[in-house]
Amino acid sequence: MLEIWMPLFGGLVLLIVGGELLVRGAVQVATRLGVSPLVIGLTLVGFGTSTPELVTSLQAGLAGAPGIAYGNIVGSNISNILLIVGIAALVCPIAVQSGALKRDGGVMVAVVAVFAGLSALMPMGTGIGAAFLAALAGYIYLAFRQERVAVPDGHGAVYDKSAALQDADPGASPGAGPGGSLVLSLATAGLGLGLVVLGGHFLVDGAVSLARDLEISETVIGLTIVAIGTSMPELVTSVMAGIRRQSDVAFGNIVGSNIYNILGIGGMTALVAPGTVPAEIVGFDNLVMVGVSVLMMVFAYTGLRIGRREGGLLLAGYGGYLYAIWP
């Protein structure tokens, strides 16, 4: 078992460390090239914590393991809501800005519903992948336009996701990196990219081997161990936001992550490695993902907050979900 668990956990460490270096280096390069801090925040920083999910799903798709590729995407969305929001709400009740709720909460529910519907009807091919990526680009563009002007009811989810990462890792803020040459910044980004790719390779290999050793489906491993592991950056940033009493950022962080998981990671996976979403995910886990997304929005609409009681219910729901899918 050591030969299986070592690559699995080693891959996760490489993914997280590499993702951090990649974001830091890319932010430094963009800053030195004169890119707007807002653009950097909404793109490079905003989606920096989703790098582990992206690389893992891409490598799993290319390796012919759709259960891990799509299990990671769907499982990450489920764990983001039930596990991470649950823990963050227990740490500090989550205040919900009406801006993130109105502008982005509905988008999140819509994209998970579209993904669930399409994956039940047809394979995830290059056309769907391109459409998802185009939708993500349009969403970021609209977010940029909204953040350029004074928003009376608070920032949107993409901005909050960027703020959560910058609070947890000040080195990811535009202009925060140490002085140095453009070559050094490029080298940092390149090193991060190499570690992420290597970590994704180890993680996927370890997950496939674990599934075979335990004689359970790769889909279950993707929905649980892989999804939880690649969601660790979101857990850290959301909990730290709660500890610092910036709980409104925690909500936007999760909403933004879930939108990116479907449109960005799902889109790239379908574009690079077209395939069919496993029947187990289509018949059960997609429905859970849509259901918990709606449930979180219902909780958020109740007094514009997710309290400790709701957090406890979400955590209990995650325990029930794991019990339902684990053989």
Side-chain angles (χ1 to χ4, degrees), residues 1 4-5 8-9 11-12 15 50 52-53 56-57 59-61 63-88 108-109 111-121 123-124 200 203-232 234-235 254 257-258 261-262 265-266 269-270 275-296 299 310-327:
M1 288 296 289
I4 296 174
W5 288 103
L8 199 64
F9 287 112
L12 282 173
L15 276 171
S50 295
E53 286 103 327
T56 301
S57 287
Q59 294 212 8
I68 295 176
Y70 288 105
N72 180 41
I73 295 169
V74 175
S76 291
N77 273 27
I78 293 172
S79 65
N80 280 348
I81 293 174
L82 295 181
L83 178 64
I84 297 177
V85 173
I87 292 174
M108 179 190 69
V109 173
V111 298
V112 298
V114 168
F115 175 85
L118 288 176
S119 62
L121 296 174
M124 301 297 289
L203 179 61
V204 172
D205 280 357
V208 172
S209 298
L210 181 62
R212 291 173 180 169
D213 188 74
L214 296 179
E215 296 183 348
I216 59 178
S217 72
E218 295 175 0
T219 300
V220 171
I221 299 297
L223 287 164
T224 54
I225 296 174
V226 175
I228 294 172
T230 57
S231 294
M232 283 298 103
E234 280 85 1
L235 175 61
I254 294 304
S257 294
N258 284 8
N261 282 346
I262 297 297
I265 301 174
T269 302
T276 301
V277 178
E280 309 98 289
I281 295 177
V282 171
F284 181 70
D285 304 284
N286 276 351
L287 303 179
V288 173
M289 176 177 65
V290 174
V292 298
S293 298
V294 172
L295 179 63
M296 184 176 74
F299 284 167
E310 289 88 350
L313 290 173
L314 292 174
L315 275 178
Y318 194 62
Y321 169 70
L322 294 180
Y323 178 79
I325 66 171
W326 197 265

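Keep in mind the model is a prediction, meaning the values are calculated, not measured.
Considering OG1 of T230 and CG of L235, their distance stands at 11.5 Å, rounded to 0.5 Å. Taken to the nearest 0.5 Å, the CD1 atom of I78 stands 12.5 Å off from the CG atom of L314. The CG atom of L15 lies 6.0 Å from the CG atom of L203; values are rounded to the nearest 0.5 Å. Of the inter-residue distances, the one linking S217 atom OG with R212 atom CZ reads 13.0 Å to the nearest 0.5 angstrom. The line from CD1 of I265 to OG of S57 is 6.0 Å long, rounded to the nearest 0.5 Å. Note that the CZ atom of F115 and the CD1 atom of I262 stand 5.0 Å from one another [nearest 0.5 Å].
A pairwise comparison of heavy atoms in V112 and V290 identifies O-CG2, 3.8 Å as the closest pair. Across every non-hydrogen atom of G67 and T219, the tightest pair is CA-OG1, 3.4 Å. The shortest heavy-atom contact between T276 and P123 is OG1-CB, 3.7 Å. Summarising the geometry of A324 relative to F284, their closest heavy-atom pair is CB-CZ, 4.3 Å, with the distance given to 0.1 Å. The two residues A69 and G61 make their nearest non-hydrogen contact at CB-N, 3.8 Å. Nearest approach of S79 to A227, heavy atoms of both residues: OG-O, 4.2 Å.
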Working for side chain to side chain contact (heavy atoms under 4.5 Å, CB included), residues W326 and I216: CA-CA 9 Å; W326 197 265; I216 59 178; 3.9 Å; yes
Hey, mind stepping through I228 and Y318 against side chain to side chain contact (heavy atoms under 4.5 Å, CB included) and telling me if it holds? CA-CA 11 Å; I228 294 172; Y318 194 62; 3.2 Å; yes
With side chain to side chain contact (heavy atoms under 4.5 Å, CB included) as the test, would you mind laying out the steps for M124 and T269 before giving the verdict? CA-CA 9 Å; M124 301 297 289; T269 302; over 6 Å; no
Kindly determine whether L82 and L315 satisfy side chain to side chain contact (heavy atoms under 4.5 Å, CB included), including the steps that lead there. CA-CA 5 Å; L82 295 181; L315 275 178; over 6 Å; no
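Here the options are V292, L295, V288, the test is side chain to side chain contact (heavy atoms under 4.5 Å, CB included), and the partner is I81; only V292 passes.
Here side-chain hydrogen bond (donor to acceptor under 3.5 Å, both in side chains) pairs that include residues 285-294, with residues two or more places apart or in two chains, are S119-N286, D285-Y321.
In this structure, the side chains of L12 and P52 stay at 4.5 Å or more apart for every pair of heavy atoms. A 4.5 Å side-chain heavy-atom check between E234 and S50 finds at least one atom pair inside the cut-off. Residues W5 and I225 have side chains in contact (heavy-atom distance under 4.5 Å, counting atoms from C-beta outward). Contact annotation: the side chain of E310 never approaches that of M296 to less than 4.5 Å [non-hydrogen atoms, C-beta and beyond].
Panel note: side chain T56, backbone E53; no donor-acceptor pair is recorded below 3.5 Å.
Residues forming a side-chain contact (heavy atoms from CB on, under 4.5 Å) with A207 (at least two apart in sequence, or on another chain): L8, I68, I221, V226. For N258, the side-chain hydrogen bond (donor to acceptor under 3.5 Å, both in side chains) partners are N80, not counting sequence neighbours.
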